[in-house]
Amino acid sequence: MAQDKKFVEEITPMNEDFTQWYTDVIKKADLVDYSSVRGCMIIRPYGYAIWENIQKELNERFRKTGHENVYMPMFIPESLLQKEKDHVEGFAPEVAWVTHGGAEELTEKLCVRPTSETLFCDHYANIIHSYRDLPKLYNQWCSVVRWEKTTRPFLRTMEFLWQEGHTAHATAEEAQEETIRMLNVYAEFCQNVLAIPVVKGQKTEKEKFAGAKATYTIESLMHNGVALQSGTSHNFGDGFAKAFNIQYTDSSNQLQYVHQTSWGMTTRMIGAIIMVHGDDSGLVLPPRVAPVQVVVIPVQQHKEGVLEKAGEICTRLSRVARVKMDDSDKSPGWKFSEHEMRGVPIRLEVGPKDIEKGQVVLVRRDTREKVFVAIDELEARVCELLDSIHDSMLEKATTLRNNKTYTAIDFAEFERIIRETPGFVKAMWCGDRACEEQIKEKTGATSRCMPFDEGPVSDKCICCGKEAKALVYWGKAY
RNA sequence: CGGGGUGUAGCGCAGCUGGUAGCGCGCUUGGUUUGGGACCAAGAUGCCGCAGGUUCGAAUCCUGUCACUCCGACCA
């Protein structure tokens, strides 16, 4: 069996039309459905289960770093939103407003939260009085609404699910530490859970969050060479504290403003999983978030003892992995294709021949490699295999990302790379917003981030030729 | 928000020189099958996106509108 054979004919090949491939995959794999609300999607059980696994993994990490979950209202009074100037300017164009309650017009309209900084700040102003109240390390899971012009399932919808961490600290140093700590949590999560390699760095002034002092980001690269901002962590300094009057008395009885951070990750990551790992047969899910890690397919299930054995295997495996049996009356071939399309990491086949030999067949989704495993060592081998699938998916994604990461030292080269072989382009920048804007205008590429720990590739700005201040990852982005 | 495309059965589509809707897949039932999307037979499923208009008569022509989608601008 050729490894690259495509069994699912309904999916448009990636190379033919990437966006169509993406749409086909999310629909065929039952991740989402369109709804009767413009720009909003229905996340179906299989897609939502991925999100729940993401939540579980992130929550564990947030808890270990001392954070507590809370819930804020979904409405923000206009006056509250107005309090921080940059923030409101950044979000005003895309907020939804509630103007009526029943038939009555509201005296003050309410916006549906596009993000909750203002609510957290308002609350913090009420509950923080002393240095003993700090730090406050809160996180909330919720949905937010942004009135987007064009939408695409998972990548950009008018309502999306996310978590937003909001913290308040006594000092600027602590806030900066927190900002970087959470960026590192995101990066670690992407690599160790989603098997997605990321570039960590700082956003330019132009790209930073509205109201932030500094924004840090992890950037990943999709199969088609388009960049995806995959998580951000912002240091607000004391800007919001001053706008919202969040003050505490320090240990020497002096009134001080707090220093704040916020950080978020969204359902967009499901889009990233699809576009980083998927292939022409459909989804390839990273084992640690796959709703079903092992699908058990009884072969010749009508034969005596097959279903019993398969059931027994499921029971045993369910102690170490998320297992599902497909004993529907579809043909085995159909089931193979179906679960492949749905990205299940391991397929376990068990039929009369296997039972006779005391073995099962394990087939991994990422490489389609087939191994025969003695039933006695099932649990150990499945766990091993899941880890091994994760590792090779990360390795493959890293190789792909590296192969699509280029360096440009003159503008013509930069332009050509963006046009002909989309991906990350590393190039120097003078720090001038005008150059950044010109690059975007001429090539369509935006600055993704200024990476940590990477040395200069030349000493001149790719755009104006003046002295370079920073290395920037550029790319077309979703 | 600008430019293009598409809305007909659950899905993919045909029908569009106006006469009251069809194909494939899927679905249901029965039987034969079953180690890479099985086969036969019999069924069920439609306010032709929505609203106006033209007409004796509209899926078909005209206008508007909504949604989806692709390409730009804005954004997680």
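No experiment lies behind these values; they were computed from the predicted model shown. Labels below follow one simple rule: chain letters A, B, ... track the order of the sequence lines, proteins then strands, and each chain is numbered from 1.
Here, B:C61 and B:U17 have their P atoms 6 Å apart, quoted to the whole Å. Across the P atoms, B:A21 and B:C50 are found 16 Å apart, a figure rounded to whole Å.
Annotation: salt bridge (charged side-chain N to carboxylate O under 4.0 Å, His left out) contacts involving residues 182-192 of chain A, sequence neighbours excluded, comprise A:Arg61-A:Glu188.
The separation between A:Asp329 atom CG and B:G31 atom P is 12 Å, rounded to whole Å. Here the C1' atom of nucleotide B:G2 and the NZ atom of A:Lys149 are 11 Å apart, to the nearest Å. Atoms CD1 (A:Ile11) and P (B:C11) sit 17 Å apart, rounded to a whole Å. When rounded to the nearest whole Å, the span between NZ of A:Lys440 and P of B:A73 equals 6 Å. The CZ atom of A:Arg44 sits 13 Å away from the C1' atom of B:C11 (whole-angstrom rounding).
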Give me, pair by pair, the N or O atoms of the protein and of nucleotides 25-28 of chain B that are less than 3.5 Å apart, along with how far apart they are.
from  : atom 1 : to       : atom 2 : distance (Å)
B:C27 : OP1    : A:Lys330 : NZ     : 2.8

Provide a list of protein-nucleic acid N or O atom pairs under 3.5 angstrom, restricted to nucleotides 69-71 of chain B.
from  : atom 1 : to       : atom 2 : distance (Å)
B:U69 : OP1    : A:Tyr34  : OH     : 2.5
B:C70 : OP1    : A:Arg152 : NH1    : 3.2

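With A:Phe336 as the aromatic partner, A:Arg347 meets the cation-pi criteria of under 6.0 angstrom to the ring centre and within 45 degrees of the ring axis.
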- Task: Could you check A:Trp51 against A:Phe154 for ring pair (Phe, Tyr, Trp, His ring centres under 6.0 Å), going step by step and ending with a plain yes or no?
- Result: CA-CA 11 Å; A:Trp51 181 237; A:Phe154 292 123; 9.2 Å; no
